[in-house]
Amino acid sequence: MALTSGFLVVLLLICWMDHGLAQANTIHYYDFVLKETNFTRLCSSKSMLVVNESLPGPVIRVTKGDTVYVNVHNQGSYGVTIHWHGVHQPRNPWSDGPEYITQCPIEPSTNFTYEIIISDEEGTLWWHAHSDWTRAGVHGAIVVLPSNDTGFPFPQPDAEEIVVLGSWYTGDVNEEVAEDLEAGGDTPGSNSYIINGQPGDFLPCSNQSTYKWQVDYGKTYLLRLVNAAMSAELYFAIAQHSLTVVGLDGSYLKPVVTDFVMIAPGQTMDILVKANQPLGRYYIAARQFDSVRPDVTDYDQTNATAILEYSGNYSTSSSTPIFPSSLKTYQDIKSALNFTNRLSSLADQDHPVNIPINITTRMYITVTMNNVVFDYEGVSKRALSSALNNVSWINQDTDVLLAYYRNLSGFYTTDFPDFPPSFFNFTALDVPDNATDTVQGTKVKMLDYNEEVEIVFQGTNVFDALEDHPMHLHGYTFYVVGSGGGNFDTETDPKCYNLVDPPKMNTVSLPKNGWVALRFKASNPGMFLNWFSLTKVPLAISLQCDLKATQTLSLDTLTRNVS
C-alpha cells in the first residue's frame, strides 16, 4: 500500500555559525537541459522528462574537495528541482534541491544554477529530481574520486563501471500518481526494472537493447552501483562472479565478500569485481526484494538484466549468458538482513569514525501509514497518508528555508513531537483503531548547533502494512548504531549498539517489524531534508541552520547571492 505524496513531516535544526565555503580544489561546470524525450521500452513508446536526452542522465565526475556548478535549464512543462543525493553541502542548503523545503521549483523556460560543494564525501553518490515522481527519468551518478594524498583504501582497480538501477513505467508516472492521490488510494507500481535504462533479455521487445559491459580477463573493476528505483529495495548479482563491497553512500566499508547485494532505493555501493571466470557471457541481474506480507503480490516481479561479456576469441552469438543462481527470491527477508548486518565502517587512520557519544537529544519516531481527512475542491475526502509520530506534512506556498531565513510567521510551527502521541505494541497484528488517523501540519523540531542526536525509528503495523522503509538524511551522513526486530526496548537494545565501527550512511532501511537507531552531530549549518519513503511515497524530516548570506526570490526560482 502507498501513502499520500503531499504529506511530509519536517524536523528543523537551527544552527548558528559564520558563513564560509569549503576550500575547493577544482571547479567544474555542467549544463543540464531538462527536456521531454521519446523512449521506446516494452514494445511501446512515450515521451518523458530527462536530462540531456539520456536515461540515466550525465555522470558528474569530481575529486574530493572540488566544487561543481550545474546550470539547469528547464525546457519541460512543469516546475522541477534537483537534489544532490549524499552531498553534504556544508553551509549551502540553498542548493540542496527539495522543492518547498529549500527552494521553489525551477519553472518552465527558466534556469537555475546549483553550487555543489564536495567536502568529505568519497565514492559513489547520485543526483535526481526532487519534484513528485519526476526522478523516475531525471537521475544520474556522481563519482567522487579520492584525493592524491590518500588514494583508494584498496588496490587500484584497472577500470570502473557505473550501473544505475531504475524503474520503468509505460505511462506518464506523474499523471498516474496524481490520479491515485486524488482517489486517495495506492500509487502505481513499475512495469519493469531497468539497468542503465534497459529492461534486458527477459522483457518484451528488449533483448536487442540489453546493456552490455565488456571486461578483460584478469582485470579488477570498480563497479559503482546506484539504486535509482522509485521505491524498491533490489537484490543484485552477477552470475558466477564474487562481489567485494568496499563502499556505501560515499563512505568506505570493511570489505564484504558476497555473491549478491541488497541495495535500498537511494543507496549507492562501491563493489570490486574481478574478471576471473572462463571467457563467456554472464547475466547481471536485479529483482525486487519485497518485504510486505506474502499475500500482497502486486509488486513488480520482473527480472532486469544486463550482460557482462569477456573480450577474446569465443562466439558471443551462440553463447547464452549464465543467469546468477545467487540472486535471491523476492521475499527472502533473511538474506537481506544477513547482508546488511555484515556492513561496518572501514575505521582506519585515513577514514576514522567519529560516533556521537554525548547524546543531548533523543527522539523516538514511529513510521506509519495512516488515514487523513482533507478537503478536495469543497468535498471532504479520506485517503491514505504517511506520518511520523502521527504528523503528516502540508506544503506551504513558499519554501520553509526562506520562511525561516526571513523570519516569516505562519508557515510552520515548532512543535514536532519527540515521541508518538500514544504507545502500544507497534508491531502487533492488530493495532488500536485510534492509531489509524493522523494530523496534518507543517511542524518542525528545533535543535541547537553541534547537538549530538540519536533518533530511533520504529516500524509499525498500522493497516497491517509492515514492510521495510528506506530513509535518507540530506546534508549529513549518520552512523547506524543498531537495529532489531519488534519494539525498541530502551533498557536492553542500547546495550547492543555498535559504537566501534558502525556503518556510515545517508540512506538506511528501517527493517520490517523492527527498529533502527542512528546518530549524527548537528554540525552542518543549513536546512536539510530527511526523506523517508514509506511504501512508495516520501516523507521528510529537515535540518535547518542559519546562514549569513543574502537571498533573493524571483517569481520563478530562488537565487543565491553571496554578499
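If you look at His73 and Phe32, their ring centroids are not closer than 6.0 Å. Note: Trp84 and Tyr114 meet the aromatic proximity criterion, with ring centroids under 6.0 Å apart. Between Phe152 and Tyr252, the ring center distance fails the sub-6.0 Å criterion. Ring centroids of Phe202 and Phe323 are separated by less than 6.0 Å, placing the two rings close together. Taking the six-membered ring for Trp, Trp515 and Phe426 have ring centres at least 6.0 Å apart. Here the two rings, on His139 and His83, have centers that are 6.0 Å apart or farther.
A donor and an acceptor atom, one from each side chain of Glu233 and Ser509, are located under 3.5 Å apart. For the residue pair Ser190 / Asp300, a side-chain donor-acceptor distance below 3.5 Å is found, with atom types taken as modelled. For the residue pair Thr210/Gln198, the side-chain donor-acceptor check at 3.5 Å is not satisfied. Between the side chains of Thr124 and Thr268, not a single donor N or O lies within less than 3.5 Å of an accepting N or O. Between the side chains of Asn191 and Thr170, at least one donor-acceptor pair of N or O atoms lies under 3.5 Å. Side-chain N/O atoms of Gln103 and Thr81 include no donor and acceptor closer than 3.5 Å. Asp132 and Asn174 share no donor-acceptor pair across their side chains, judged by distance under 3.5 Å alone. With 3.5 Å as the limit, one finds no donor-acceptor pair spanning the side chains of Asp259 and Ser242. Side chains of Thr305 and Asp201: a donor-acceptor N/O pair is absent below 3.5 angstrom, by distance only.
Contact record, Leu34 with Leu49: C-CD1, 3.9 Å, taken as the closest heavy-atom pair. For the pair Ile238 and Pro324, the tightest heavy-atom approach, listed with the atom from each and the gap, is C-CB, 3.9 Å. Nearest heavy atoms, Gly86 versus His472: N-CE1, 4.0 Å. Across Ile195 and Tyr211, no two heavy atoms sit closer than the pair O-CB, 3.9 Å. Contact detail for Val367 and Met471: the closest heavy-atom pair is CG2-CE, 3.3 Å. Considering all non-hydrogen atoms of both residues, Val261 and Leu225 come closest at CG2-CD2, 4.0 Å.
In this structure, Glu121 contributes its side chain and His88 its backbone to a donor-acceptor pair below 3.5 Å. Listed for the Arg342 side chain is a donor-acceptor partner under 3.5 Å among the backbone atoms of Val257. In terms of modelled atom types and a separation under 3.5 Å, the side chain of Glu122 and the main chain of Thr63 share no donor-acceptor contact. Although no hydrogens or angles enter the test, the distance criterion places a donor-acceptor pair under 3.5 Å between the side chain of Lys46 and the main chain of Gly171. Judged by distance alone, the side chain of Ser167 and the main-chain N or O of Met230 form a donor-acceptor pair under 3.5 Å. Without hydrogens or angle criteria, Thr134 side chain to Ala129 main chain gives no donor-acceptor distance under 3.5 Å. With hydrogens and angles ignored, the 3.5 Å screen pairs a side-chain donor or acceptor of Asn74 with a backbone N or O of Tyr78. A donor-acceptor pair under 3.5 Å links the side-chain atoms of Ser209 to the main chain of Ser206, judged by distance alone. Of the possible donor and acceptor atoms, none in the side chain of Glu115 sits under 3.5 Å from a partner among the backbone N and O of Ser95. When atom types are taken as modelled, the side chain of Asp270 and the backbone of Arg224 share no donor-acceptor pair closer than 3.5 angstrom.
Residues Ser231 and Pro265 fail the side-chain proximity criterion, which asks for heavy atoms closer than 4.5 Å. The shortest side-chain heavy-atom distance between Val163 and Leu223 falls under the 4.5 Å cut-off. In this structure the side chain of Ser192 reaches within 4.5 angstrom of the side chain of Leu42, judged on heavy atoms. At least one side-chain heavy atom of Val480 sits under 4.5 Å from a side-chain heavy atom of Val516. Residues Pro502 and Lys504 have side chains not in contact (no heavy-atom distance under 4.5 Å, counting atoms from C-beta outward). Leu401 is not listed as a side-chain neighbour of Ile101, based on a closest heavy-atom distance of 4.5 Å or more. For the pair Ile106/Val80, no side-chain contact is recorded, criterion being any heavy-atom separation below 4.5 Å from C-beta on. Side-chain contact between Pro56 and Trp126: absent, with no pair of heavy atoms (C-beta onward) separated by less than 4.5 Å.
A cation-pi geometry, defined here as NZ or CZ lying under 6.0 Å from the six-membered ring centre and within 45° of its normal, does not hold between Lys328 and Tyr235. Cation-pi geometry between Arg287 and Tyr193 is not met: the NZ or CZ atom fails to fall both under 6.0 Å from the ring centre and inside 45° of the normal.
Here Asn513 contributes atom CG and Thr427 contributes atom OG1; the two are 4.5 Å apart, rounded to the nearest 0.5 Å. Atom CD1 of Ile455 and atom CG of Leu518 lie 5.5 Å apart (nearest 0.5 Å). Summarising the geometry, atom CD1 belonging to Ile307 is positioned 4.5 Å from atom NZ belonging to Lys212; distances are rounded to the nearest 0.5 Å. To the nearest 0.5 Å, the span separating CG on Asp249 from CD1 on Ile263 amounts to 8.0 Å. To the nearest 0.5 Å, the span separating NE2 on His28 from CG on Asp66 amounts to 3.5 Å. For the atom pair CG of Asn52 and OH of Tyr30, the computed distance is 11.5 Å after rounding to the nearest 0.5 Å.
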(message) Using the rule given for side-chain contact (heavy atoms from CB on, under 4.5 Å), can you reason through Ile117 versus Val87, listing the C-alpha separation, both sets of side-chain angles and the distance that settles it, and then say yes or no?
(response) CA-CA 7 Å; Ile117 300 172; Val87 179; 5.8 Å; no

(request) Determine, step by step, whether Val144 and Leu125 satisfy the side-chain contact (heavy atoms from CB on, under 4.5 Å) criterion, reporting the C-alpha distance in whole Å, the side-chain angles of both residues, the deciding distance to 0.1 Å, and the verdict. (result) CA-CA 8 Å; Val144 183; Leu125 303 170; 4.3 Å; yes

(request) Go through Thr477 and Asn506 one step at a time and tell me if the side chain to side chain donor-acceptor pair (under 3.5 Å) criterion holds. (result) CA-CA 5 Å; Thr477 47; Asn506 63 58; over 6 Å; no

(message) Does Ser45 form a side chain to side chain donor-acceptor pair (under 3.5 Å) with Thr40? I'd like the steps, not just the answer.
(response) CA-CA 4 Å; Ser45 298; Thr40 299; 2.5 Å; yes

(message) Before you tell me yes or no, could you show the steps for Val508 and Phe457 under side-chain contact (heavy atoms from CB on, under 4.5 Å), namely the whole-Å CA-CA distance, both residues' side-chain angles and the distance that decides it to 0.1 Å?
(response) CA-CA 11 Å; Val508 66; Phe457 291 105; over 6 Å; no

(request) Go through the steps for Gln267 and His85 under the test side-chain contact (heavy atoms from CB on, under 4.5 Å), then give the verdict. (result) CA-CA 9 Å; Gln267 281 187 338; His85 192 111; over 6 Å; no

(message) Checking Glu99 against Ser131 for the side chain to side chain donor-acceptor pair (under 3.5 Å) test, could you report, in this order, the C-alpha distance in whole Å, the side-chain angles of both residues, the deciding distance, and whether it holds?
(response) CA-CA 6 Å; Glu99 63 179 8; Ser131 307; 3.1 Å; yes

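Counting heavy atoms of neighbouring residues, nucleotides and ligands inside a 6.0 Å radius, atom NZ of Lys35 does not exceed 12 of them.
Relative orientation of the Phe39 and Trp168 rings is perpendicular, given thresholds of 30° and 60° on the angle between their planes. Between Tyr476 and Phe520, the ring planes lie tilted relative to each other; the angle falls in the 30° to 60° range.
Note on Arg61 versus Glu160: salt bridge recorded, some NZ/NE/NH1/NH2 to OD/OE distance being below 4.0 Å.
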